[in-house]
Amino acid sequence: MPETAGRLPDGSLADRPLPDTPATGPAADASVDPAAHPPVDPPVDPAIGPPVDPAVDPAVGPPGTLRLPPRVHFGPGSRALLPEVVAPHGRRVFAVVDPFLASTPHVTAVLDALTAAGLEVCAYTGITPELPVGTLDDAARRAREFGARVVLAIGGGSALDAAKLIALLCVHEGPPERYYGENLVPGPVLPVVAVPTTAGTGSEVTPVAVVSDPDRELKVGVSSPFLVPAAAVVDPELTLGAPRTVTAYSGIDALVHAAESYTTRPLPAGAQRPLPVFTGRNALTEPVALRAAGELGPWLPVAVREPGSRSARYRVALGALLAGMAFGSTGTHLCHALQYPIGALTGTPHGLGTGLLLPYVLDTLRSDPGTAARVAAFGAALEHLPAQEASAGRTVARVAEINATIGVPVTLAELGVGKDQLADLAELGLRSTRLLAIAPLEPSRDLLLDILSRAHAGILDGAMVTKGANVRVARTHT
């Protein structure tokens, strides 16, 4: 393997290749490093002609891309595998731990097991919700001073995203702002082993880390294949202590990931070099997104109602993991593009906002017949229905019912958003160009404002939605 430029945590120049990470594959891929491997158009076989662009010829399916950790372990008790998962990456472990979990028996046992296996562990608990960007420099400095060779993340989405960015800043110079956007991370980062304790963000298997920046009016992301963790260990037992609201908002966010992954538009094959981090409709992730819906649809309400149910926790954790695997390659679109400014304005949890928006976005997607068919197929998976019984309208109604059942607010007005703020939110939403590029409908200002206006008033297809009421959507045949 060729050496990769960069500095080790002690500040010295690397005299050996950086540890293997999931980015090792993309590092040799022209989609990540076009200077090292200039793109070359494939030769044209005269017998079959040039490659067909699936965005032009829908008879040919979409292309497929997967970017996943080399190791993904799922199941009750899988945390016991952590010593053997972490050790190959290095003996000095910088553990980024959610401060609310640091003294819990499960986390204490995990850290003790690593120490018993001969690893040196430095636990860091200075993570705050929504991950303000200003907290990252100090964390990275501590990791470098410790001489970290691997970063372990235990916690919710903020802890996992923090670990990815700490791993980045241990190898590449800051500030973090220089990496905002996508494909701007120049090479491998320290390996990250991700252990989620909530079921929702999917960060344990994705190439994205999101931070809040007070100098901006919306959350910002760092997106790079180099941020895909080296390993993910998803133990549903670690989610048993999550409060009902955390379970609800993180779980509905997972459902949004699955829905938006399945309804992305296909990008023209080979039209963009380097390959975007989010590649749009994806042949390899479509069945994964549908399976995620099939787990989350029936079981998320149970997990919120019965937080001690191991069966429900298992199913929701599985669904969230699958949804992360799906959207980590395809991307998300309208719900997330709008939630970033909404979250910054209201200070509300990310999943609350994306979940609130989901029925309104799906309702909007019904205007396009092709996308409406996909919304119907997603609903069939969500409710385990025969295809002939599914419709886009029924899907919208079922999602709204799930929201009502688990306590997601119905309207943006309930979050304190004023009607006079909707136009500004639409303008800010337009800034999420990497998400809107894969939206299935043309993402105009008017489209975003229409979604926001109906979400503010609580209107689905002309019908007013009231909290806790049965949801009726008129065009149930579409």
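The chain is numbered in sequence order, starting from 1.
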Between [Y] and [X], is there a salt bridge with N-O shorter than 4.0 Å?
X	Y	result
Arg434	Glu182	no
Arg216	Glu177	no
Arg71	Glu84	yes

Heavy atoms only: give me the nearest [X]-[Y] pair and the separation to one decimal.
X	Y	result
Gly355	Asn403	O-ND2, 2.8 Å
Gly353	Gln339	CA-OE1, 3.1 Å
Thr239	Ala199	CG2-N, 4.3 Å
Glu204	Pro229	O-CG, 3.2 Å
Thr395	Phe378	CG2-CD2, 4.4 Å
Val228	Leu68	CG1-C, 3.6 Å

Check whether [X] reaches the backbone of [Y] with its side chain - one donor and one acceptor, N or O, closer than 3.5 Å.
X	Y	value
Ser223	Val277	no
Thr285	Val288	no
Ser329	Ala326	no
Asp363	Leu460	no
Thr128	Leu131	no
His172	Gly187	yes
Asp98	Ala159	no
Ser203	Leu160	no

Practice task
Please determine which of Val233, Val193, Val85 meets the side-chain contact (heavy atoms from CB on, under 4.5 Å) test together with Leu152.
Solution key: Val193
Exercise for the section: With Leu425 as reference, evaluate Leu448, Ile451, Leu345 under the side-chain contact (heavy atoms from CB on, under 4.5 Å) test and give the passing residue. Expected result: Leu345
Among side-chain atoms of [X] and [Y], is any donor-acceptor pair under 3.5 angstrom?
X	Y	value
Thr348	Thr346	yes
His333	Thr264	no
Thr330	Asn282	no
Glu237	His106	no
Thr206	Arg67	no
Arg454	Thr364	yes

[X] versus [Y]: any side-chain heavy-atom pair under 4.5 Å?
X	Y	answer
Arg79	His73	no
Leu255	Leu382	yes
Met325	Leu284	no
Ser367	Leu441	yes
Pro186	Phe226	no
Asn183	Pro225	yes
Ser158	Asp161	no
Pro440	Leu365	yes

Handout entry: Tyr262 and Phe327 aromatic centres sub-6.0 Å
Key = no
Look up atom [atom1] in [X] and atom [atom2] in [Y], then write down how far apart they are to the nearest 0.5 Å.
X	Y	atom1	atom2	result
Phe278	Ile438	CZ	CD1	6.5 Å
Glu383	Arg394	CD	CZ	4.5 Å
His350	Cys335	NE2	SG	9.5 Å
Leu338	Thr354	CG	OG1	11.0 Å
Arg178	Leu184	CZ	CG	10.0 Å
Leu290	Glu295	CG	CD	12.0 Å

Practice task
Mind running side-chain contact (heavy atoms from CB on, under 4.5 Å) on Arg291 and Glu286 for me, showing each step along the way?
Solution key: CA-CA 9 Å; Arg291 174 67 187 275; Glu286 287 185 346; over 6 Å; no
Problem - Phe94 and Val96: CA distance, side-chain angles, deciding distance, side-chain contact (heavy atoms from CB on, under 4.5 Å) verdict - result: CA-CA 6 Å; Phe94 190 75; Val96 179; 3.9 Å; yes
Practice task
Evaluate the criterion side-chain contact (heavy atoms from CB on, under 4.5 Å) for residue pair Tyr340 and Ser432; output intermediate values, then yes/no.
Solution key: CA-CA 9 Å; Tyr340 288 143; Ser432 293; 3.9 Å; yes
Problem - Crowding at CZ, Phe100 (>12 non-hydrogen neighbours, <6.0 Å) - result: no
Exercise for the section: Please indicate whether Arg310 has more than 12 foreign heavy atoms, meaning atoms of other residues, nucleotides or ligands, lying under 6.0 Å from its CZ. Expected result: no
Exercise for the section: Test Asp450 against Asp446 for side-chain contact (heavy atoms from CB on, under 4.5 Å), laying out the working first. Expected result: CA-CA 6 Å; Asp450 179 67; Asp446 287 345; over 6 Å; no
Practice task
Just do the side chain to side chain donor-acceptor pair (under 3.5 Å) check on Thr247 and Arg313 with the steps written out, would you?
Solution key: CA-CA 9 Å; Thr247 300; Arg313 293 292 189 178; 2.8 Å; yes
